[in-house]
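First up is the structure itself, then whatever we jot down about it.
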Amino acid sequence: MKERLQELKEEALGKVESAQNLKEVNDVRVAYLGKKGPITEVLRGMGKLSAEERPVIGSLANEVREEIASQIAAKQARLEEEEVERQLASETIDVTLPGRPVKTGNHHPLTAVIEEMEDLFLGMGYSIAEGPEVEKDYYNFEALNLPKGHPARDMQDTFYITEDTLLRTHTSSVQARTMVACEGEGPVKIICPGKVYRRDNDDATHSHQFTQIEGLVVDKDIRMSDLKGTLEVFAKKMFGEEREIRLRPSFFPFTEPSVEVDVSCFKCSGKGCNVCKTTGWIEILGAGMVHPNVLEMAGFDSKEYQGFAFGIGAERIAMLRYGIEDIREFYTNDVRFTTQFKRA
Ligand code: FA5
């Protein structure tokens with residue numbers, strides 16, 4: 001029996017040694033140490049042994065059992081460790097590999113130009129005012145010296161919602177609202193960027209929805225030269241220090257005198273080219289001194305206070321700035337177009 005146990009031990013340890021994986025190790029355990037295994041069988045047959053032999057064989061059988069069990073445990077631990085090492089090796093991260101580039105968004109060219117203009121005016125001490133896009137006829141027209149039936153209302157073809165409610169046709173409505181809110185107390189110094197709507201047919205230079213930036217200054221001793229100086233700074237910052245502006249007489253019911261403002265062409269410097277349609281000048285905005293009627297309707301004493309106002313077409317500025325030929329590009333959201341622009 002001693003020999004049989006010795007044989008079983010060598011056999012089992014050999015199989016443990018040659019086992020390639022945890023399953024094979026477990027198979028050895030079940031085969032040799034399990035209830036139906038040969039060692040259990042030896043122990044079961046102990047009854048047939050003499051009283052002297054029994055303890056000797058019993059303790060040998062236990063030693064063999066323990067030796068096999070400890071070798072199995074050691075082999076399992078080794079295989080598990082090897083598995084962990086294999087996994088670590090296969091999952092090693094090469095920290096020197098360059099990362100995948102992250103796609104970042106861009107400012108829409110129109111947003112970039114609007115923010116640039118906002119920064120410029122904020123730097124000159126203006127604050128930003130806002131007003132509703134669905135506006136009362138009163139603020140869009142009447143408070144701006146355009147009573148119902150006034151022929152100059154036809155200058156801005158309007159989307160009416162009801163008889164007294166409309167989509168604002170210009171940001172000048174915010175002028176009126178801001179002045180009323182000031183209850184006759186100056187100074188007022190605001191810009192108002194925002195969307196406006198007109199029943200214009202869309203073409204390369206017109207859109208039924210576009211963006212304006214309104215400017216309004218009301219204070220004592222405000223003169224036309226203040227307006228001109230402000231617009232000169234604006235034009236030079238937006239289009240270059242060498243730019244000049246010229247003021248042409250115009251008409252807006254809410255300003256008197258009214259002007260149309262041109263900037264000397266940045267492409268040909270005034271010689272004449274396709275951008276300025278050979279005139280050397282490009283129109284960029286409408287402006288003027290706030291009409292006394294407008295001041296009075298808003299509660300300001302027009303003998304004490306004067307003001308100037310201007311209305312800039314933001315798309316027009318962005319088109320000139322970036323050489324964009326069709327205003328519709330701003331609204332069709334083709335990424336091949338929008339990704340070309342970086343904030344200046
Ligand atoms: C006005 O809207 C006046 N409220 C501007 C003003 C403000 C004058 C304060 C005096 C004092 P006008 O209709 O010209 O003016 O529009 C101003 C600018 O908006 C134009 O110079 C042009 O750049 C732009 N604009 C007008 N209509 C359209 C359109 N359909 N599509 C795109 N831009 C337009």
Side-chain angles (χ1 to χ4, degrees), residues 110 113-114 117 121 126 129 131 133 135 139-146 150 152-159 166-179 188-218 222 224 226-228 230-231 234-235 238 245 247-263 281-295 298 306-321 324-331:
L110 192 54
V113 165
I114 291 168
M117 291 192 268
F121 284 107
Y126 287 71
E133 288 171 30
E135 185 53 285
Y139 291 111
N140 197 81
F141 289 131
E142 283 187 48
L144 294 169
N145 210 22
L146 276 150
H150 194 291
R153 285 191 176 211
D154 292 347
M155 287 165 78
Q156 301 177 357
D157 213 348
T158 309
F159 287 110
L166 44 78
L167 292 181
R168 70 179 178 197
T169 56
H170 52 182
T171 43
S172 300
S173 54
V174 186
Q175 270 191 47
R177 281 183 173 273
T178 308
M179 281 191 278
V188 180
K189 200 170 180 187
I190 53 128
I191 54 162
C192 168
K195 292 192 194 89
V196 299
Y197 305 83
R198 290 186 196 177
R199 292 178 52 179
D200 286 347
N201 290 327
D202 290 2
D203 61 24
T205 52
H206 293 84
S207 173
H208 59 280
Q209 178 225 294
F210 58 101
T211 318
Q212 286 190 337
I213 297 190
E214 191 80 8
L216 171 72
V217 174
V218 178
I222 294 290
M224 191 83 178
D226 297 316
L227 171 64
K228 192 174 178 201
T230 304
L231 296 178
F234 166 72
M238 293 307 291
I245 62 164
L247 274 49
R248 281 181 292 110
S250 184
F251 171 74
F252 296 104
F254 33 92
T255 48
E256 180 58 36
S258 301
V259 289
E260 214 88 65
V261 181
D262 301 338
V263 62
W281 296 92
I282 301 164
E283 184 199 314
I284 52 167
L285 56 95
M289 299 304 290
V290 180
H291 198 291
N293 288 357
V294 174
L295 287 168
Q306 303 78 43
F308 68 73
F310 52 87
I312 306 167
E315 284 81 356
R316 176 72 61 88
I317 301 295
M319 287 168 84
L320 294 173
R321 184 72 191 267
I324 297 164
E325 282 169 7
D326 195 321
I327 195 170
R328 289 166 291 199
E329 298 278 17
F330 291 118
Y331 298 108

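All ligand and atom numbering here is 1-based and tracks the order in the structure.
Of all atoms in ligand 1, numbered sequentially from 1 with element shown, those under 4.0 Å from a heavy atom of Glu283 are 21 (O). Close approach of ligand 1 to Ala309 (heavy-atom distance below 4.0 Å) involves ligand atoms 9 (C), 11 (C). Ligand-side atoms of ligand 1 in range of Gly286: 6 (C), 8 (C), 10 (C), range being under 4.0 angstrom from any heavy atom. Interface atoms of ligand 1 facing Arg316, defined by a heavy-atom separation under 4.0 Å, are 23 (O). Under a 4.0 Å criterion applied to the non-hydrogen atoms of Gln175, ligand 1 contributes the atoms 9 (C). The Ile327 neighbourhood of ligand 1 comprises atoms 32 (C), with distances under 4.0 Å to a heavy atom of that residue.
Within 6.0 Å of the NZ atom in Lys228, the count of heavy atoms belonging to other residues, nucleotides or ligands does not exceed 12. Atom CD of Gln209 has more than 12 neighbouring heavy atoms from other residues, nucleotides or ligands inside a 6.0 Å radius.
When only non-hydrogen protein atoms are considered, atom 30 (N) of ligand 1 lies nearest to Asp200 OD2, 2.7 Å. Looking at atom 23 (O) of ligand 1, its nearest protein heavy atom turns out to be Gly313 CA, 3.5 Å. Shortest contact from atom 34 (C) of ligand 1 to any protein heavy atom: Phe210 CE1, 3.2 Å. Counting protein heavy atoms only, atom 15 (O) of ligand 1 is closest to Phe252 CE2, 3.5 Å. The shortest contact between atom 3 (C) of ligand 1 and any protein heavy atom is with Phe254 CZ, 3.8 Å.
The minimum heavy-atom distance linking Ala152 with Leu146 is given by the pair CB-CD2, 3.6 Å. Between Gly194 and Arg168, the shortest heavy-atom distance links the atoms CA-NH2, 3.4 Å.
Checked against a 6.0 Å centroid threshold, the rings of His170 and Phe254 count as neighbours.
Proximity of a side-chain donor or acceptor of Asn145 to a complementary backbone N or O of Pro253 within less than 3.5 Å is detected. A donor-acceptor contact shorter than 3.5 Å links the side chain of Asp202 to the backbone of His208. Checked by atom type and distance alone, the side chain of Ser250 never pairs as donor or acceptor with a backbone atom of Arg248 at under 3.5 Å.
Heavy-atom proximity to atom 18 (C) of ligand 1, evaluated over Gln156, Gln212, His170, is greatest for Gln212. Here the shortest heavy-atom distance to atom 12 (P) of ligand 1, taken over Glu260, Met155, Arg198, Arg168, belongs to Arg198. Residue Gly311 holds the heavy atom nearest to atom 7 (C) of ligand 1 of all those in Gly311, Pro253, Ser250.
The shortest N or O to N or O distance between Glu214 and ligand 1 is not below 3.5 Å. An N or O contact shorter than 3.5 Å links Ser207 to ligand 1 by distance.
Distance remark: protein heavy atom not present below 4.0 angstrom from atom 20 (C) of ligand 1.
Ring geometry for Phe121 against Tyr126 counts as perpendicular: the plane angle is over 60°, on a 0 to 90° scale with 30° as the lower cut.
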Test side chain to side chain donor-acceptor pair (under 3.5 Å) applied to Tyr197 and Glu135, step by step: CA-CA 11 Å; Tyr197 305 83; Glu135 185 53 285; over 6 Å; no
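How far CD1 of Ile284 is from CD1 of Ile245: 7.0 Å, rounded to the nearest 0.5 Å.
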